[in-house]
Every structure is written in structure tokens, then in C-alpha cells.
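As C-alpha cells, the structure follows; a few thoughts come after it.
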Amino acid sequence: MSESSKSESKTPIGLTGEQSLQSLLSSMLASVPDAMIVIDEHGIIMAFSSAAEKMFGYKAADIAGKNVSALMTHRDEDHHNRYIRNYLDTGVAHIIGIGRIVEAKLADGSTIPVELKIGEADIAGRKIFTGYIRDVTDQQAQQHKLSQLQAEVANFSRLSAVGSMASAMAHELNQPLTAVANYLEAARDMLDTPDEASLAMAHEALDAAAKQSIRAGQIVRRLRDYVSRGEIEMRPMPLPAIVAEAVSLSKIGIEGPIARILQDVPADLPLVRADKLQLRQVIVNLVRNALEALAETDTPVITVKAQLDDHDPELIRVTVCDNGPGLSLEGGHTPFDAFNSSKSSGMGLGLSICKTIVEAHGGDISVDSPQGKGACFSFTLHRADEVADT
């Protein structure tokens, strides 16, 4: 077979070489899985794939001949023009063959994040550039969700470590508290014979007891700081969604019948400025405490309510109330004191942590518990009349 015969056999019957090339290009534009756009050195769109039509919302016939800037935001348009101009002037490629994340502008004016890779070709002395574009909206959403989950895992890991840390601190606390008891007993005994020497020794014992009590307080503060430390990311947040998530989480691990939980959080309530993870932890703790307190109550009911504060319209007040046996508020202690628990197996840290978190948000927390009429915890948050962060 002659060379001319071989050459002719490469061209489909009935088509010229140019027609065959055009047919091949059309087939590629229709089948390439990622969006593909071909432009010349002036940024004029020469070809637009079927996948690009679906992604951008333009028909190839409508967008062909227009400048590629129609598909870019102003910021990326400036960067793109500078890259191409520098490349044509210097021959040094900065973006050719390198993937990067940019914002693509769709036909309806909305934008999406895309991964852009650019290739080049030289056809008859004329440079053309091919852009391969992949929508990474879902990928970025998954990465964002993964980052949120990692932050939550870190938060819960820190909280779960409190038990171990508190056990170690119990030993450390035992020393100053035992010393305080011993010094006070010694001072009391010395006061039974109040001569000058005994009074001087009693004075020294009381001074030593005061120092040891301060040491014990420092230990407690270190534990509270450990639990609540970390940057608080205050953002505008919708309270109904946070309450719903917290109520669901609070039920995890509860055995036996669970109290009925009523949520009265209006959908049109103003946003609150809060750290989502820490605020959710407060609500989880309060609801879970109520669930445990109602274990032996007939027809147990918990109400989680949020509304504008009666005294300050810039505040949102959240209340968690139950119809259980209530709390004992006598003895000079409050439920928010560290290591003060009414539960036989409790460590008395949960409400102390809640108080620290609420105060870090610029609010306050209190409890009302009429004898035999349940307990009602109430805390405030600052409203944020802004667009919610997702």
C-alpha cells in the first residue's frame, strides 16, 4: 500500500481531514466528564463542552465568542488576565498545569467554588488554552463538616477527660482540705484554754488554714479553666436548631422511659451570638440533669423555652424546667458551686461548667426551685441581628 493510500485510510469515508477533526472535537466536547472550555490568547471562548453547559447554565452557541471573564468573579478575572499576560510576555508559566481553587460565576449570577486546571497548545503558531473545571462545592462542604466534627470530637474529648483529671485532683484537693480541718480543730482546742500562748498558736493555725483554703480554691479554678478554656467563636446562631440538637444528644445513653421534652423555641426568634459547641453543651447538661432528676417522677415533663428577656430586649432568655422533686438550695451553697452535687454519683462539675460558659458569653444563669415543684434553670444570651453562619 502506498503512503498516499495509508494517509487516505485514516480519514473517514466522505469526510475531509478538517471535517474529521471537527467531528472528533465535537465528540470530545460532548463526552469529557469535567467541564472543558477552550479560549484563545485574548480570552475569547472557542469551545464549550456539554459538561460546561450543565455546570454554568449557558448553551455553547450562546457563550462562544464571548470573553471568558463572563464566567469569573471580578477578583479571579483580574488574576487570570494578569497570569495570561505575564505568560505571553515572559513565557514563564505560573498556572499552566497547576490546579487551583477559584470562584466560577454561573449564568444566574450565583457563584460556586471550582478546581481549575489549564493546559496550552500551539496550533499553527496560535496559542490556545484549555481549562478543565470541576465543581468542588460538595467536597468543600464535606471538608467543612469534617472540620466541625473534628472540633466537636476535640470538645467532647476534653470534657470526657475531666473525669480522669478530677480523680487526680481529688487527691490533690484532699491535702489542703485535710490541712484546713486539722488547723481548725487545733485552733478550737487551743481556744479551750485561752491563755496568751494558746491564742498566739490559734492565730497561726487560723492563718495556715486560710492559706490552705486559698490553695484548694486555686485547684478548683484550674479545673474549671481546663474545661472551659479555648477560644470562643462567637457567631450569629439560630437558637431553634441548637436546642433541637442538644435535646437529641441529651437522650443518648439514658436507660428506661424518658421524660417528655417540650420545646417552645419560636422559629422567628432573633439570632443569638454564641459558640455553637459550648452553648449546646450547656443545654445538653441542663436537659440531661432534668432527665436524671425525673427518673422516679410520674408523668415527667421537661420544657425547654426561649424568648426575649422581659427586662432587656437585647437578651434572649432560655429556660429548662422540670416537674421533678426540685433542689435543696439551703446550706449557703448553690448548684453552680464546683464539687457540689445532689447526685450520689455526681462530681458537681456540670453546672459549674455551665456557669463558666454562660458568663463567658456575657450572660448569667440562675435557678428557681420551689419546694416540691421541680427546678427551673434560666440563662441569658445576647441577640445578634445578623445573618446566621452555617
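Of all heavy-atom pairs spanning R273 and R383, the tightest one is CG-O, 4.2 Å. Here the shortest heavy-atom pairing between P266 and D264 reads CD-O, 3.7 Å. Contact between H42 and N67 at its shortest, heavy atoms only, is O-ND2, 3.3 Å. Of all heavy-atom pairs spanning A187 and A205, the tightest one is CB-CB, 4.1 Å. For A259 against V301, the heavy-atom pair with the smallest separation is CB-N, 4.4 Å. In terms of heavy atoms, Y183 sits closest to Q212 at CE1-CG, 4.2 Å.
The aromatic rings of F56 and F48 lie tilted to each other, with the angle between the two planes from 30° to 60°.
Put simply, the side chain of V265 does not reach to within 4.5 Å of the side chain of I242, judged on heavy atoms. Contact annotation: the side chain of I45 approaches that of L71 to within less than 4.5 Å [non-hydrogen atoms, C-beta and beyond]. Contact of the H382 side chain with the M234 side chain is not registered, since no non-hydrogen atoms from C-beta on lie closer than 4.5 Å. Side chains of T319 and T303 form no contact here, defined as non-hydrogen atoms less than 4.5 Å apart. Under the 4.5 Å side-chain criterion, counting only non-hydrogen atoms from C-beta, D368 is not in contact with S378. The side-chain heavy atoms of I365 and I357, taken from C-beta on, include no pair separated by under 4.5 Å. Looking at heavy atoms from C-beta onward, V136 lies in side-chain contact with P113 at the 4.5 angstrom threshold. The shortest distance between side-chain heavy atoms of L327 and F377 falls below 4.5 Å.
Atom-to-atom distance recorded for E41:CD and K127:NZ is 9.0 Å, nearest 0.5 angstrom. To the nearest 0.5 Å, atom CG of residue L271 and atom CZ of residue R235 are 13.5 Å apart. Atom CD1 of I44 sits about 14.0 Å away from atom CD1 of I128, to the nearest 0.5 Å. Once rounded to the nearest 0.5 Å, the distance linking CD of E53 with OH of Y58 reads 12.5 Å. Atom CE in M72 sits 14.0 Å away from atom OG1 in T111 (nearest 0.5 Å). Rounding to the nearest 0.5 angstrom, the gap separating the CG atom in D195 from the CE atom in M190 is 10.5 Å.
The cluster map of Ile, Leu, Val, Met, Phe, Trp and Tyr, joined by side-chain heavy atoms under 4.5 Å apart, puts L308 and V318 in the same cluster. Using a 4.5 Å cut-off between side-chain heavy atoms of Ile, Leu, Val, Met, Phe, Trp and Tyr, with links allowed through other members, L206 and V180 fall into the same hydrophobic cluster. Under the 4.5 Å side-chain contact rule for hydrophobic residues, L269 and L262 do not share a cluster. Cluster membership check: V272 does not share its hydrophobic cluster with L315, using side-chain heavy-atom separations under 4.5 Å among Ile, Leu, Val, Met, Phe, Trp and Tyr.
With hydrogens and angles disregarded, no donor-acceptor distance shorter than 3.5 Å links the side chain of N323 to the backbone of G374. Not a single donor-acceptor pair under 3.5 Å links the side chain of S369 to the backbone N or O of G326.
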Between side-chain atoms of residues 293-300 and protein atoms elsewhere (two or more places apart, or another chain), which donor-acceptor pairs fall under 3.5 Å?
none

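By the 6.0 Å contact criterion, NZ on K305 is open, its count of non-hydrogen atoms from other residues, nucleotides or ligands being 12 or less. At most 12 heavy atoms of other shown residues, nucleotides or ligands fall within 6.0 angstrom of atom CZ in R134.
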Inset, instruction - Begin from the C-alpha positions of L286 and L351 and carry the test side-chain contact (heavy atoms from CB on, under 4.5 Å) through to its verdict. - result: CA-CA 8 Å; L286 295 178; L351 292 176; 3.6 Å; yes
Inset, instruction - Carefully, step by step, assess V114 and T137 under the rule side-chain contact (heavy atoms from CB on, under 4.5 Å). - result: CA-CA 7 Å; V114 297; T137 302; over 6 Å; no
Inset, instruction - Assess whether side-chain contact (heavy atoms from CB on, under 4.5 Å) is satisfied between L279 and D275, documenting all intermediate values. - result: CA-CA 6 Å; L279 174 57; D275 182 301; over 6 Å; no
